[in-house]
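Just so we're clear, the structure is a prediction, and the values are computed from it rather than from any experiment. Numbers restart at 1 for each chain; the letters A, B, ... are given by sequence-line order, proteins then strands.
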Protein chains: 2
Amino acid sequence: MRLVIIGGDAAGMSAASQAKRLDSSADVIVLEQTTDVSYGACGLPYKLPDGQDMEDLRAITVEEFRGKRNIDVRLQHEVERIDPEGHTVFGTSPAGPFELQYDRLVIATGARLSSPPIPGLDDLWGQGAYALKTLQDGRSLKTALRQQPKSVVIVGAGYIGLEAAEGFHQQGLQVTIVEALPEILGFLPEKLRARVSAEAEAKQVPIHLGTRVERLERTSAGKITVHTGAASALETDLVLISTGVRPNSEIAAQAGLKLGANRSIAVDDYLFTSAPDILAAGDCADATHGISNQSVWMPLALRANRAGKLAGGNALGQRRAAPPVMGTAIFPFFDLQIARAGLSAEEAAEAGFDAVSTTIDAPTRARYIPGGGKLAVWLLADKGSHRLLGGAMVGPESAAHRIDTVVATLHAEQTVEQLYAMDLSYQPCFGPSWSPLLTCASQLMKKLK
Amino acid sequence: MRLVIIGGDAAGMSAASQAKRLDSSADVIVLEQTTDVSYGACGLPYKLPDGQDMEDLRAITVEEFRGKRNIDVRLQHEVERIDPEGHTVFGTSPAGPFELQYDRLVIATGARLSSPPIPGLDDLWGQGAYALKTLQDGRSLKTALRQQPKSVVIVGAGYIGLEAAEGFHQQGLQVTIVEALPEILGFLPEKLRARVSAEAEAKQVPIHLGTRVERLERTSAGKITVHTGAASALETDLVLISTGVRPNSEIAAQAGLKLGANRSIAVDDYLFTSAPDILAAGDCADATHGISNQSVWMPLALRANRAGKLAGGNALGQRRAAPPVMGTAIFPFFDLQIARAGLSAEEAAEAGFDAVSTTIDAPTRARYIPGGGKLAVWLLADKGSHRLLGGAMVGPESAAHRIDTVVATLHAEQTVEQLYAMDLSYQPCFGPSWSPLLTCASQLMKKLK
């Protein structure tokens with residue numbers, strides 16, 4: 001049994017490790033196009049400040065995978081073509097072209113930066129303009145920070161852009177964010193978005209909304225001019241391109257595999273693609289949303305790890321279904337925690353739900369305990385069944401962990417009334433006696449009447 | 001319609017407020033034996049240090065209840081007897097004896113300190129020995145702290161005792177805890193208890209287990225000697241008696257009302273007692289446990305507020321069932337958060353379950369993010385159905401809010417496999433990619449095979 005895996009990050013190495021765990025005699029080969037395997041890409045923004053080392057993100061070395069786990073990891077092996085009928089992959093390595101037969105194949109090619117064509121950007125890559133997707137990106141940016149730049153313009157206000165803003169700010173840079181869309185974090189209801197905007201303002205990080213970068217230009221003084229539609233251009237030392245990511249699905253598409261949401265590789269519940277003996281897992285593949293039951297593309301770490309592990313097992317003959325995703329996402333933005341799960345109001349409408357939502361503010365601690373602040377909680381429910389469809393929270397503490405209560409409620413298909421009946425925890429240091437989720441559920445029940 | 005409520009704290013005032021909200025013409029009379037209504041008793045330990053004021057715990061003043069909410073609050077009115085057949089209560093007030101007829105009665109008499117008979121204690125109450133159950137207790141203790149005592153012996157290592165330990169420690173006192181039982185927090189599995197003990201040791205707070213206080217004695221030097229069975233007695237400036245609480249159910253028992261767990265007042269799902277037109281809510285009444293379906297006595301704030309509100313409504317003709325409790329409890333102990341929900345191993349055995357449990361340690365942040373520490377997670381499941389029965393956590397962060405995920409899972413009657421399939425949140429600042437709950441569920445699944 002030869003299992004070939006394309007891609008040596010979270011999903012790929014999880015698949016490889018699980019396969020060897022189940023059958024130590026299986027021939028497991030991982031083809032990784034870079035020289036890095038298994039690193040914590042989610043940590044990149046936190047390694048920007050001085051005193052933090054990008055190399056800390058490396059989880060397990062290639063030597064460990066090769067030695068202790070007996071996995072044949074081949075670095076700098078780029079797969080260029082898959083022949084599903086011939087059960088063969090073709091590619092190039094430093095030693096020249098290679099081809100490799102497989103019994104089963106797991107595609108775990110991940111995602112890559114999706115950058116709009118910005119005139120002038122090509123000449124600046126690695127010379128003032130950077131991304132923050134791969135460990136190598138992180139190393140390049142870290143090197144640039146050693147030149148003690150004073151300012152950075154972040155293009156794109158997604159998770160990575162916002163997390164990086166904090167890292168740059170901590171490093172002492174003047175940070176400016178430019179976002180082409182008319183709002184940031186569009187999945188959040190307005191009141192919650194306003195909290196994020198206010199936090200950016202409080203930290204003196206301007207966010208230019210509805211602003212598209214038209215051109216980048218190196219000035220004679222060694223600065224970069226960021227031309228937008230606005231009257232005055234921005235001048236900066238560094239530019240971070242964080243305009244989102246897209247799935248590395250091209251070789252799958254070329255091999256005739258069916259694609260799903262956002263041109264990710266479509267997989268069934270068992271992570272099999274439309275081609276025989278080929279599975280896909282991680283940021284290159286789609287998933288089923290637990291509420292809408294639709295194909296979604298959500299390149300997030302838990303899913304990549306979980307799907308990788310399952311794909312490794314299923315490739316070897318197990319038959320375990322991957323659970324649906326709930327669109328759960330959390331991240332900090334300076335002194336705020338931002339959390340969401342389930343559907344946004346817009347997603348619910350698109351999925352055909354007639355939904356009702358409400359937002360409340362609740363204290364994160366009992367009134368008489370110093371510290372804490374206001375937690376904004378938003379819940380969304382189906383008008384007919386009262387089933388909870390989604391939730392979001394923004395606040396100075398507890399949001400990142402409280403959202404899991406929403407996740408559990410969503411998975412268990414509970415109604416708002418059932419959520420309100422839950423004996424959620426209370427202690428004055430950790431919240432008010434009625435948990436903010438209960439208060440929000442109570443308000444939503446009134447709207448559902 | 002005259003609704004009489006005995007007791008003006010969380011449950012009683014919630015009942016009164018809800019009744020007036022539903023029917024502003026209802027004659028709602030609250031009989032409170034002290035001069036304090038509606039205060040945050042859970043905050044008492046946090047008001048011990050200098051700079052914190054006990055009076056901050058008062059939530060809504062009696063004037064507000066009387067004025068804005070039009071509730072007839074009568075202070076220093078102690079009810080001594082209930083005549084269920086005559087629909088009358090009898091008692092005394094500063095003006096002398098009183099009797100009062102009711103159409104419906106809500107008993108919300110709460111709980112009181114349950115102190116074992118300790119020779120010498122009677123003479124020391126308020127003169128070196130204190131409790132921390134009522135606002136008046138808090139005021140007395142606060143006054144004593146102004147004498148700048150150097151040391152305190154805490155008798156009883158329950159929630160209050162442990163929380164107060166931190167308050168005294170912060171105030172600079174040498175703290176010693178004496179516990180009659182052979183262990184603290186017996187509901188926790190051993191590994192989690194060990195974390196709490198280690199934290200006490202790290203903070204130089206000795207806990208003497210299996211140690212019963214035999215006698216208290218005032219010394220000529222103005223100290224108090226705490227005699228235990230041990231060879232050497234403890235000498236201290238202050239003694240805190242935190243040996244637990246018991247329901248104020250005597251007048252209910254004398255009136256012939258049925259009692260439940262721990263001699264609390266037995267109520268049905270609608271908070272009605274065994275006597276016609278008499279309801280009970282709050283710390284004096286029992287509740288149904290969501291897992292064991294047994295009568296339990298859990299004097300906790302959310303339940304008191306919730307039951308009070310429901311009792312006020314049901315007394316006026318609504319018919320809303322009180323949801324079951326899940327035994328959810330959280331509290332901090334110095335730099336640890338301690339959380340539990342559902343049944344302990346012992347409670348599960350008593351309730352007739354054949355249960356399996358496991359404990360894991362997981363980091364509270366991704367490996368490469370500074371700070372955080374180890375979170376110990378324990379989960380308990382039914383061997384046959386795999387249904388989750390309980391959980392507990394101890395760690396430096398996140399435990400207090402992560403436990404609500406367990407609560408939701410318990411309420412929704414989910415199995416360990418269903419918990420493991422949940423798309424729980426991940427971000428490196430807030431946890432590892434596999435949530436500690438998922439890791440624990442995974443280990444428990446192996447044991448259930």
When only pairs under 4.5 Å are counted, which of [options] shares the most heavy-atom pairs with chain A?
options                                : value
B:Ile330, B:Thr328, B:Val407, B:Asp56  : B:Ile330
B:Ala329, B:Ser398, B:Gly327, B:Gly431 : B:Ser398
B:Gln414, B:Gln418, B:Arg367           : B:Arg367
B:Ala10, B:Ala408, B:Pro332, B:Ala400  : B:Pro332
B:Thr405, B:Ile403, B:Leu57            : B:Thr405
B:Pro323, B:Ala421, B:Ala412           : B:Ala421

Which of A:Gly40, A:Ala339, A:Ala366 touches chain B most, by non-hydrogen pairs under 4.5 Å: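 That would be A:Gly40.
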Please rank A:Gly290, A:Cys42, A:Ala341, A:Ala301 by heavy-atom pairs under 4.5 Å with chain B and give me the top one.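 Option with the top pair count is A:Cys42.
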May I ask you to test the B:Glu163-A:Cys429 pair for a side-chain heavy-atom distance under 4.5 Å?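 No, side chains not in contact.
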Pairwise side-chain contact, A:Asn305 with B:Trp434, heavy-atom cut-off 4.5 Å (strictly under):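 Side chain of A:Asn305 against side chain of B:Trp434, heavy atoms only: contact under 4.5 Å found.
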Quick one: what part of [X] sits under 4.5 Å from any heavy atom of chain A, side chain, backbone, both or neither?
X        : value
B:Arg365 : neither
B:Tyr46  : side chain
B:Pro370 : side chain
B:Glu397 : neither
B:Ala59  : both
B:Gln52  : side chain

From CA spacing to verdict: side chain to side chain contact (heavy atoms under 4.5 Å, CB included), A:Leu302, B:Leu438: CA-CA 10 Å; A:Leu302 172 61; B:Leu438 298 178; 3.8 Å; yes
Side-chain donor-acceptor contact under 3.5 Å, B:Gln427 with A:Gln337: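 A:Gln337 and B:Gln427 do not have a side-chain donor-acceptor pair below 3.5 Å.
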Give a yes/no verdict on a cation-pi contact between B:Arg306 and A:Tyr420, requiring under 6.0 Å between NZ or CZ and the six-membered ring centre and an angle within 45° of the axis.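 Output yes; distance and angle both within limits.
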Is there a donor-acceptor contact under 3.5 Å from the side chain of [X] to the main chain of [Y]?
X        : Y        : result
B:His401 : A:Phe430 : yes
B:Asp404 : A:Ser425 : yes
A:Lys47  : B:Ile369 : no
A:Asp423 : B:Met326 : yes

